[in-house]
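Have a look at the structure below before the remarks.
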Amino acid sequence: MENNIKPVNFIKNIIREDLKINKNEGRIHTRFPPEPNGYLHIGHAKAICLNFGIAEEFGGLCNLRFDDTNPVKEEQEYIDSIIKDIKWLGFDWGDRLYFASDYFDTLYEYAVKLIMKGKAYVCDLSADEIRETRGTLTEPGIDSPYRNRSAEENLELLERMRQGEFPNGARTLRAKIDMAHGNLNMRDPVMYRILKASHHRTGDKWCIYPTYDFTHGQSDSIEGITHSLCSLEFEDHRPLYNWFLEELEIHHPQQIEFARLNLNYTILSKRKLLELVKGGYVSGWDDPRMPSLSGMRRRGYTAESIRTFCDKIGVAKRDSVVDIALLEHCLREDLNKRAPRFMAVLNPLKVVITNYPEGHWEELEAVNNPEDPSAGNRKVPFARELYIEREDFMEEPPKKFYRLAPGREVRLRYAYFIKCEEAVKDENGEIIELRCTYDPATKGGDAPDGRKVKATLHWVSAEHAVPAEVRLYDRLFLKEDPSEAPEGEDWKANINTESLKVLNNCRLEPNLAGKPVGFICQFERIGYFCADKDSSSEKPVFNRTVSLKDEWARIQGREELRVKS
RNA sequence: UGGGGCGUAGCCAAGGGGCAAGGCACGGGGUUUUGGUCCCCGCAUCCGGAGGUUCGAAUCCUUCCGCCCCAGCCA
């Protein structure tokens with residue numbers, strides 16, 4: 001951790017107070033409880049950092065528990081990916097990997113206990129009938145006709161439900177609370193439903209499954225959790241969880257709700273992300289444009305940058321939308337310190353140094369990372385024919401453009417000053433080559449006579465360079481709030497169809513050959529890039545993780561605005 | 001018209017009777033062999049509105065307004 005100044009938030013304040021009064025004998029025990037029905041995304045990272053972070057900070061423990069109460073949606077693939085992603089973020093749950101399904105037997109006993117206390121009953125109403133009798137937001141519901149069955153009858157019926165005697169949906173076990181309660185969750189909620197589906201862990205042992213409401217709180221209780229942190233939408237469920245815990249007379253964790261993360265230009269709904277994957281709008285859960293942790297990892301995000309981001313956004317109860325610029329800031333801040341620098345030309349423009357001896361080449365010394373002296377130096381080949389970035393030359397430069405132009409001198413990084421003598425064009429008037437001269441006295445990039453140039457360009461030797469593919473990513477959605485759809489369309493209308501640009505004619509300095517998948521570096525003056533798994537030995541593929549901040553682009557943008565107005 | 005929450009700068013977010021932290025974004029300047037980094041400076045006389053209590057309020061009280069969540073046998 002780079003800065004040890006941990007931000008404060010209302011949850012930590014509560015915990016400090018609890019510690020002060022020695023609540024739970026001073027124990028702090030949290031948990032991260034994902035449902036294995038999708039891949040983790042940056043929003044989950046907030047909850048993970050919060051739960052594991054609090055345990056770390058207060059000398060407590062944090063469990064990983066899969067809330068797997070719905071066999072029809074859950075899969076082993078998701079479990080594997082979730083475990084991988086949390087480990088990648090750098091958190092550890094020791095041997096405390098649990099599953100709500102581990103508690104199915106206990107939960108069943110709890111249900112029996114509630115029946116015996118007269119606090120639960122088997123209801124024969126169909127799903128539709130339950131909905132119809134639940135009432136509305138403003139009107140009370142009406143009691144189920146099965147509400148007053150005897151404990152014996154309920155016990156027998158529940159057992160027969162468990163034995164698989166009734167078809168799916170035929171009966172449910174319901175808590176007997178209050179059909180007139182202002183909180184809909186308290187209107188005799190369903191505790192068990194008949195679901196003849198095989199579970200990824202318990203197989204065909206069960207054909208009734210507890211609902212999340214009848215599972216979550218008790219699972220926390222069983223694990224001895226002291227602080228159950230969850231998102232705002234469960235605030236309404238807290239009274240119900242409390243009711244179960246009190247009726248069951250078991251350990252009572254304290255639930256605290258906080259606002260989940262929202263990011264502009266981003267969708268963080270598992271359902272919609274699944275739709276992007278299934279609909280082929282992206283290449284998969286790990287498409288570098290996805291906000292999934294696997295996608296971000298492939299894109300080149302570091303775990304450290306994500307953790308810093310989670311620290312910086314804070315934790316509160318108000319709904320908010322964080323600016324994606326903050327995430328990118330955290331990324332750049334981390335990458336600036338650690339990414340070794342290389343030169344790569346994305347849109348090559350040939351440069352011939354006319355006064356440089358033909359057939360000759362030399363090696364020049366380059367610094368690997370100006371932010372980190374320990375990163376050392378490397379050699380880069382320089383020759384008569386080079387490539388520079390097409391946009392680093394302008395035939396008729398505007399006043400604020402101080403890169404290469406006819407008659408103008410610039411520095412080639414770590415190499416020489418060169419002066420543009422001529423721009424060679426093809427029959428269409430397109431510039432295909434620059435004829436330049438160099439000043440041998442400026443080797444390394446310094447002019448002995450103190451002469452200054454306004455720009456330093458990156459370059460690559462034409463004959464030594466490695467051809468590569470580079471993928472440039474842009475935001476996946478055009479609107480700040482992607483869910484705000486145009487009339488008659490849905491959120492997918494906001495997908496940015498230009499979010500991926502593939503450049504096939506890029507040239508990398510030779511040092512970039514053969515880098516392993518996941519290798520992260522900076523292409524000087526352009527941005528941070530990461531070797532993709534699609535790389536082959538013949539042709540490396542790099543993903544642009546994030547661009548460098550670009551003052552020139554900003555100036556141009558401003559000029560455009562001025563012209564328009 | 002029921003229940004539960006929330007309203008501090010463009011975006012996050014501390015602060016919970018003593019007179020507005022911090023970060024991002026944005027603007028200006030300096031350094032610079034990355035128009036990167038780094039460094040300086042600026043950026044809420046005001047805390048959803050209106051009343052009230054108080055020597056003193058963003059913080060307490062009253063009231064109004066706005067926004068979010070809840071009617072799955074999803075989580």
Side-chain angles (χ1 to χ4, degrees), chain A residues 5 7-10 33-35 37 67-70 72-74 123 125-127 130-132 134-141 168-174 180-187 189-195 208-209 211-213 215-216 230-239 257 259 264 270-271 311-330 332-333 336-337 341 343 366-367 370-371 400-403 411-415 417 442 444-446 453-458 522-527 547-555:
Chain A
I5 316 104
V8 296
N9 62 51
F10 80 102
E35 185 195 9
N37 69 342
D67 272 340
D68 52 353
T69 54
N70 188 353
V72 309
K73 288 188 178 175
E74 296 151 7
C123 180
L125 258 25
S126 69
I130 286 183
R131 183 170 0 95
E132 283 156 17
R134 185 153 31 220
T136 68
L137 294 180
T138 52
E139 307 157 57
N168 281 353
R171 291 180 219 263
T172 58
L173 180 70
R174 293 227 260 167
H181 203 110
N183 181 344
L184 290 307
N185 294 127
M186 301 298 270
R187 318 241 264 226
V190 171
M191 295 161 58
Y192 268 94
R193 74 284 211 185
I194 299 172
L195 217 51
I208 58 172
Y209 291 94
T211 57
Y212 177 84
D213 278 344
T215 307
H216 186 78
C230 65
S231 44
L232 255 25
E233 66 267 32
F234 294 106
E235 215 149 15
D236 288 341
H237 296 244
R238 178 157 32 97
E257 307 85 7
N264 57 14
K270 274 202 230 177
R271 199 205 93 227
D311 274 348
K312 290 193 178 183
I313 55 177
V315 179
K317 294 198 72 153
R318 81 180 75 120
D319 291 310
S320 58
V321 181
V322 175
D323 192 337
I324 188 104
L326 180 58
L327 213 210
E328 294 179 342
H329 162 79
C330 294
R332 291 192 181 102
E333 181 182 55
N336 176 53
K337 286 177 305 186
R341 270 114 242 234
M343 292 195 284
V367 173
E371 303 297 316
K400 284 177 178 165
F401 181 89
Y402 47 82
R403 272 110 94 148
R411 170 170 38 236
L412 291 185
R413 179 145 233 224
Y414 301 126
F417 282 13
T442 57
D446 280 310
V453 287
K454 292 200 75 174
T456 299
L457 310 185
H458 61 278
Q522 182 190 109
F523 289 177
E524 290 221 41
R525 302 210 306 132
I526 305 176
S547 67
L548 248 32
K549 286 213 271 180
D550 189 346
E551 180 68 14
W552 170 236
R554 193 172 304 168
I555 291 168

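Values in this document were obtained by computation on a predicted structure and should not be read as measured data. Throughout, a chain's letter reflects where its sequence line sits, starting with A, and its residues are numbered from 1.
- A:Glu132 is linked by a salt bridge (charged side-chain N to carboxylate O under 4.0 Å, His left out) to nothing, counting only residues two or more places apart in sequence or in another chain.
- Between B:rG35, B:rC73, B:rG2, one nucleotide has an atom nearer to the side chain of A:Trp552 than all others, and that is B:rG35.
- Among the protein residues, A:Val315 comes within range of the sugar-phosphate backbone only, with heavy atoms under 4.0 Å from sugar or phosphate atoms but none that close to a base.
- Taking atom CZ of residue A:Arg411 and atom C1' of nucleotide B:rG35, one finds them 13 Å apart after rounding to whole Å.
- Contacts of A:Lys270 with the nucleic acid, taken as non-hydrogen atoms under 4.0 Å apart, are absent.
- Rounding to whole angstrom units, CG of residue A:Asn185 and C1' of B:rA75 are separated by 12 Å.
- For the pair A:Arg187 CZ and B:rG72 C1', the interatomic distance rounds to 15 Å; values are reported in whole Å.
- For A:Arg193, the side-chain atoms get nearest to B:rC73 when compared with the rest of B:rG27, B:rA71, B:rC73.
- With C1' as the reference atom, B:rC61 and B:rU54 are 12 Å apart, rounded to whole Å.
- Residue-level contact check: A:Leu125 touches the bases, meaning some heavy atom is under 4.0 Å from a base atom.
- Heavy atoms of A:Val321 sit under 4.0 angstrom from primed sugar atoms or phosphate atoms, though from no base atom.
- Considering only heavy atoms from C-beta on, A:Tyr209 stays 4.5 Å or farther from A:Thr69 through its side chain.
- Among the atoms of the strands shown, base atoms are found under 4.0 Å from some heavy atom of A:Glu524.
- Residue contacts shown for A:Phe523 are absent, as no nucleic acid heavy atom lies under 4.0 Å away.
- Looking at residues two or more places apart in sequence or on another chain, you find no salt bridge (charged side-chain N to carboxylate O under 4.0 Å, His left out) involving A:Glu328.
- If you check B:rU34, B:rC74, B:rA75 against the side chain of A:Lys73, the one that comes closest is B:rC74.
- A:Leu457 and A:Arg525 make their closest contact through CD2-NH2, 3.6 Å (heavy atoms, listed as atom of the first residue, atom of the second, distance).
- Regarding A:Leu326, its CG atom lies at a distance of 12 Å from the P atom of B:rG23, rounded to whole Å.
- Residues satisfying the side-chain hydrogen bond (donor to acceptor under 3.5 Å, both in side chains) test with A:Asp67, not counting sequence neighbours, are A:Arg65, A:His216.
- Base contact: A:Phe234 has a heavy atom under 4.0 Å from a base atom.
- Residue A:Thr136 places no side-chain N or O under 4.0 Å from the OP1 or OP2 atom of B:rG2.
- OP1 or OP2 of B:rG35 lies within a sub-4.0 Å distance of a side-chain N or O belonging to A:Arg525.
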Checklist entry - What does nucleotides 3-8 of chain B look like as a protein-contact string, B for base, S for sugar-phosphate only, - for none, at under 4.0 angstrom between heavy atoms? => result BSSSSB

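- Listed by chain and number, the residues in a salt bridge (charged side-chain N to carboxylate O under 4.0 Å, His left out) with A:Arg134 amount to none (sequence neighbours excluded).
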Checklist entry - Between A:Lys400 and A:Glu551, is a salt bridge (charged side-chain N to carboxylate O under 4.0 Å, His left out) present by the stated rule, with each step listed? => result CA-CA 11 Å; A:Lys400 284 177 178 165; A:Glu551 180 68 14; over 6 Å; no

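- Looking at which nucleotide of RNA chain B each of A:Asn37 and A:Ala415 is closest to, the 5′-most match is held by A:Ala415.
- Contact annotation for A:Tyr209: no contact, since no heavy-atom pair falls under 4.0 Å across all strands.
- Checking B:rC12, B:rA71, B:rA13 against every side-chain atom of A:Ile313, the shortest atom distance belongs to B:rC12.
- Among B:rG2, B:rA75, B:rA25, the nucleotide with an atom closest to any side-chain atom of A:Thr138 is B:rG2.
- Closest non-hydrogen pair, A:Thr136 versus A:Leu184, comes out as O-CD1, 4.0 Å.
- Checked against side chain to side chain contact (heavy atoms under 4.5 Å, CB included), A:Ala127 has no partners two or more places apart in sequence or in another chain.
- The CG atom of A:Asp67 sits 9 Å away from the P atom of B:rA75 (whole-angstrom rounding).
- Here the closest non-hydrogen pair linking A:Phe10 and A:Glu257 is CZ-O, 3.3 Å.
- With sequence neighbours excluded, no residue satisfies salt bridge (charged side-chain N to carboxylate O under 4.0 Å, His left out) with A:Arg187.
- Minimum atom distance to the side chain of A:Ala325 is reached by B:rC24, of the listed B:rC26, B:rG35, B:rC24.
- Taking side-chain N and O atoms only, A:His458 has no distance below 4.0 Å to OP1 or OP2 of B:rU34.
- Residue contacts shown for A:His216 are absent, as no nucleic acid heavy atom lies under 4.0 Å away.
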Could you list, one pair per line, each protein nitrogen or oxygen that sits under 3.5 Å from a nitrogen or oxygen of nucleotides 36-39 of chain B, together with the distance?
residue, atom, partner, partner atom, Å
B:rG36, N2, A:Glu371, OE2, 2.7
B:rU37, O2', A:Asn336, ND2, 3.0
B:rU37, O2', A:Glu371, OE1, 3.2
B:rU37, O2', A:Glu371, OE2, 3.3

Item to check | Intra- and inter-strand pairs of RNA chain B in dot-bracket (Watson-Crick or G-U wobble, both distances under 3.5 Å; | for another strand) | outcome: .(((((((.[[[..)..(...]]].(((((.......))))).....[[[[[..)....]]]]])))))).....

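- Side-chain nitrogen and oxygen atoms of A:Ser126 include none within less than 4.0 Å of the OP1 or OP2 phosphate oxygen of B:rC73.
- Look at A:Arg134 and you'll find a side-chain N or O under 4.0 angstrom from OP1 or OP2 of B:rG72.
- Every residue two or more places apart in sequence or in another chain that forms a ring-ring contact (aromatic ring centres under 6.0 Å, His included) with A:Phe401 is listed here: A:Trp552.
- Taking atom CG of A:Asn9 as the reference point, atom P of B:rG23 lies 19 Å away to the nearest angstrom.
- Distance, A:Asp213 CG to B:rG72 P: 13 Å, rounded to whole Å.
- A:Asp236 is linked by a side chain to side chain contact (heavy atoms under 4.5 Å, CB included) to A:Asn183, A:Asn185, counting only residues two or more places apart in sequence or in another chain.
- Taking every side-chain heavy atom of A:Thr211 into account, B:rC73 is the closest of B:rC24, B:rG35, B:rC73.
- Residues satisfying the side chain to side chain contact (heavy atoms under 4.5 Å, CB included) criterion with A:Ser231, sequence neighbours excluded, are A:Glu233, A:Phe234, A:Arg260.
- Side-chain proximity of A:Ala316 to the nucleotides B:rA71, B:rA14, B:rC73 is greatest for B:rA14.
- Taking 90° from 0 as the syn/anti boundary, the base of B:rG48 is oriented anti.
- A straight line from CD of A:Glu132 to C1' of B:rG72 spans 15 Å, rounded to a whole angstrom.
- Comparing the C1' positions of B:rC47 and B:rA57 gives a spacing of 11 Å, expressed to the nearest Å.
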